Structure formats: C-alpha cells, structure tokens
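Small disclaimer: the values here were computed from a predicted structure and weren't measured. The sequence lines fix the lettering, A, B, ..., with proteins before strands; numbering per chain opens at 1.
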Amino acid sequence: MRPGKRTKINELLSTAPVGEKVIVKGWVRTFRNNQFIALNDGSALENIQVVVNYEDLDPSILKRITTGSCVSITGEVVESQGKGQKIEITAKKVDILGDADAEKYPLQPKKHTLEFLRKIAHLRVRTNTFGAIYRVRHAMIFAVHKFFTEKGFYNIHTPIVTGSDAEGAGEMFRVTTLDPANPVKTDSGEVDYSKDFFGKETNLTVSGQLEVETACLALSDVYTFGPTFRAENSNTSRHLAEFWMIEPEMAFYDIHDTMDLAEEFLKYLANYALAHCKSDLEFLDKRATEEEKSKPQVERNELSLLERLQFVVTNSFEKISYTEAIDILRNSKPNKKKKFQYLINEWGADLQSEHERFLVEKHFKRPVILYNYPKNIKAFYMRQNDDDKTVAAMDVLFPGIGEIIGGSQREERYDVLKQRIEELDIPEKDLWWYLELRKFGSAPHSGFGLGFERLIQFITGMENIRDVIPFPRTPESAEF
RNA sequence: UCCCCCUUAGCUCAGUUGGUUAGAGCGGCUGACUGUUAAUCAGUAGGUCCUUGGUUCGAGUCCAAGAGGGGGAGCCA
C-alpha cells in the first residue's frame, strides 16, 4: 500500500490487513464511550471501528468527533478485542476534515421516518438505508448496460428536448426561452413560437421510443436509457415527474420474442443484484421485514424481499392474452361477489389496478405478462392483429408495483399506420420521419419501456418511488 | 385531479367528555465512567401545540379556510 494513500473501508474489511498502517477517511456515524468511532465512507454498508485513545488525544479534537463529522484517521489495523467486528483501527492521528455541529445536525443514530428523510434529501444518503439504495441503483445501471452489451445491443442517446408532441404518452413540460410574462406574439395575438429558441414549440421527452426506432431500423438491436419527463398530476407511490426509462427496440422481433426478452432481462437484473449486492440487500430485507410488522396481516408480503427476488429468478412468468385475463377476472370471486370497485362485465374494458393486482398477487402469484390488448385502449403505433380488434401490446405486471414494463410490436405497415394516425387525429406533420421509416426498408420490430425506478423499487423493496431516486420530482415538489 | 388520514420539543410520539404551569423516549448540553456496539449513569436546557379566523368564561383538544406531508384512485413506466 502506497504511504499516505487513503484506503477505502470495503477494501479494509475484505482484506483485513492486520498490522498495516493505513489512512481511512469518512463520516462518523456514532462515537461511543469517547473511544469508538463507527466510520463509514460509503464504499460499503458496513462501518469500520476506529479506536482512539482519549487520554492522549487533544480534547479540542475529541470534542469535534461528532455524528456526521468528516474525519481522516491514520492508524494501525488490529484484530478487534470487542465482539461486533473482526478488525478495527487503532488511531495514531485524528484529523477533522469537516465539523458537524451536533446541536444542529439532523441525523441521529436512531431510526428516522422516510418522510423526514425526504425533507433532508441532501443528507439522507448518509443513512444505511439510502446508502444501500444508491449502491444497488448503481449496480442496476451497470447491469442494464452489461445485459444489452452481452446481447449485442447498442445504446442510443435519444433527444431530451423534443419537437414532436405526437406520442401521447402524457402531459409534457414545455421548453422555452420566451419571457413567460411577455412572450413574443403574432399579429393575431398568439404566442409566436417561431421566435422561440428552436423556432417551434418544444417539450421535454416523454419517451425516446419513436426516435430510437430510427436506430433500430439500421443497427437491429438498440436501447435507450435516459431521463423521461411527464407533467401528469400524479400523486402516487409509483409515479415521478422525472424518471429514468430503459427502452430496448429490436428489429425482427415479434411480440412473443419481446415478452421473452423482457422476462430474461428482469431475471438477469434480479440475479445480478442477488449476486453483487449481498450485504445491502440483506440489510434492506431486514428493514422491509421490520416495516411489515407494523402492517395488518392481510397487507403483508408472503415472501421476504430476498425470497421475492429469488422467486423471480427461478420461476417463469405467466403469459396470457387480454382475452384470457378477462375470462379469469369475469369468473373470479371478487367479481362475482362484487368486491371489485370496477366489475368486469365485457370484453374491451380497461383493466384497473385492482384487477392487475388480483391476477398477480392472488390468482397466479407470480409476475404476469398480459398481451394482445383491445386496440382502442392502446397507442397508435402498436401493431394491429389480424382479428382487427386487438394490437400486439404487452404489459409486465409485478407484485406490489403493478406495471413495470409496457411494450408492443410496432406497426410496420405504412398504410395501416397512416390510417391509424388519421383515425386518432394525431398531427401527422410531426410524424413525417416516423412514417418514412415505413416507406424505406420497413421491418417488423418491437420494443418495450422499463421504468427504472419501479425496477429499483422491486429490487430494494422500497414502497415509495420517491425513496429510490436521489432527488424526486413530483407535483408541487422540486426542492434541491 | 378526486377520496381519506396526519401536523404537539431537533427526531419519534403521548396528551382523558374543552379546564390551572403541555409530557415521555431518543438526540443536544454539563458531569461521571471508560472495550463500547443506536454505550451506560446523573443532572440540565429546549415549545408560534402548522397558519389564519371562528365558537366558548376558557381551545393542543370543537368548527371553517389555507399550507405542508402521507395513503388510496385515475393517468402510466
């Protein structure tokens, strides 16, 4: 080890170099008995215990070792005399890098509520829970790229600012440099967007799908992984105004190939987390189990977090058509006993989350993929089936989260697509390039969108989506 | 956007049918102790009871509006 070089705590704990002189730097979690610092630098969930000799240490330094302060420790790695840890560091030198006024520092060595921690999002990552979530989140980002790279997919950066309002995936955020109090106006008094920065109306993207299809019809297998913005007034534990979405798009895949890929992908990710985030997941598993105890029996999970991840990895997903799902729901107990708020009477009804939850959590008790939905409840670009009633759409439904993936085979036939655009009154002028893809060397292709934060919810067992992204953006809330 | 719930010390929460000076644990501070594991022990400070208005002899408690937060629904990923 190079003299003067800092060693990260995860490395120390895994190599346990007893007898070596080391430098560690990090943040104090607790300082017990005027002797024992629990030090964490984020490289692992675990802390290293630093033992200081309070009789030799300058009292003015001793006083500044407080919860939250940042310190640099020079000392020797020794076997611990205590029971809670194998090794510890006997400090020879303690430097305070950053004070944390104990009277004002909001984090205490105790359990805080998630609601409180959301209000101090700049500090919450210093807790075990959020440290674990951030690390798992990183591991999943890496695993996404690894999965697609191994399968020969190319990552495509689709635009964040978009000029088309055509996809209809949701309300959009406007992008403009016009003065909101006094925008340039046309003679007829309308806002003159031709004078705006881009010379037209622009918005933040709600999906990179349409753009990534261009790359798909040249590179075959591609994916996006980027920020996505929806200005919906959604106030739920599964919605954000700014979130990250993964959208693979595959040439020559039909809807069944796509469902298989979605299943393989999700299993790969769960498996990667189990293999690479062991101690973080064990911590989150315990945390979730504790949390469950405060809930009524009926709302508790039958499986623990780790068991759920294991279950997804080892069990095949149930794949059924919308029509089959309607049959199951129509004959289900809650439907017959009128327990559903929305009763299923006939084919064509949109499924409510109570129905999806019934299928996933009660009927099949495993992830379910529904496919071939009625065309009038799905988007214009989805491929029409021969029955003329349904489109080749699919949703992957997960327990607790609901829809984690939505995808479809795309309509590759120019005439059919054009007719559908007209039927739905979608402004065609914004879609000329999208239609041209069907004019020049069109190909059957399919894709899906995975909400990254919903994935992280599933992997970490966190119930509120605001706790799996560092800085959540939701209606009325954009602090930090 | 709709429905429901919550807001009391830095944090987590008690606070009886409306009644004198609003409490506890943790945290902070002071001291003791010194191989602790969210250390322990003793002492101590700390309050716009979310805001505004109303009812009442009297409001933390009842009513109304507003603010903030949470849960559910819809929209979806």
Q. Going by the angle between their ring planes, with limits at 30° and 60°, are A/His145 and A/Tyr223 parallel, tilted or perpendicular?
A. tilted
Q: Ignoring backbone atoms, establish whether A/Arg118 has a side-chain N or O less than 4.0 Å from OP1 or OP2 of B/G70.
A: yes
Q) OP1, OP2 of B/G71 versus side-chain N and O of A/Thr236: anything below 4.0 Å? A) no
Q. Hey, does A/Phe452 reach any base, or is it just sugar-phosphate, or nothing, if we go heavy atoms under 4.0 Å?
A. nothing
Q: Taking only the side-chain nitrogens and oxygens of A/Ser353, find out if one of them lies under 4.0 Å from OP1 or OP2 of B/A73.
A: yes
Q: Determine the Euclidean distance between corresponding P atoms of B/A22 and B/U48; express it in Å to zero decimal places.
A: 13 Å
(Q) So, applying side chain to side chain contact (heavy atoms under 4.5 Å, CB included) with A/Ile369, which one of A/Glu318, A/Met394, A/His256 is it? (A) A/Met394
Q: Can you spot which of A/Ile89, A/Val51, A/Thr90 makes a side chain to side chain contact (heavy atoms under 4.5 Å, CB included) with A/Val78?
A: A/Thr90
Q: Classify the side chain of A/Ser234 and the base of B/C76 as holding, or not holding, a donor-acceptor pair under 3.5 Å.
A: no
Q.
I want to check one thing: is the phosphate of B/A39, taken as OP1 and OP2, less than 4.0 Å away from some side-chain N or O of A/Arg32?
A. yes
Q.
Roughly how many Å apart are B/C75 and B/G25, using the C1' atom of each and rounding to a whole number?
A. 43 Å
Q: Output yes when at least one side-chain N/O atom of A/Arg466 is less than 4.0 Å from OP1 or OP2 of B/G70, else no.
A: yes
Q: Determine the Euclidean distance between corresponding P atoms of B/U20 and B/A64; express it in Å to zero decimal places.
A: 25 Å
Q: Please state whether the rings of A/Phe148 and A/Phe265 are parallel, tilted or perpendicular, taking 30° and 60° as the class boundaries.
A: tilted
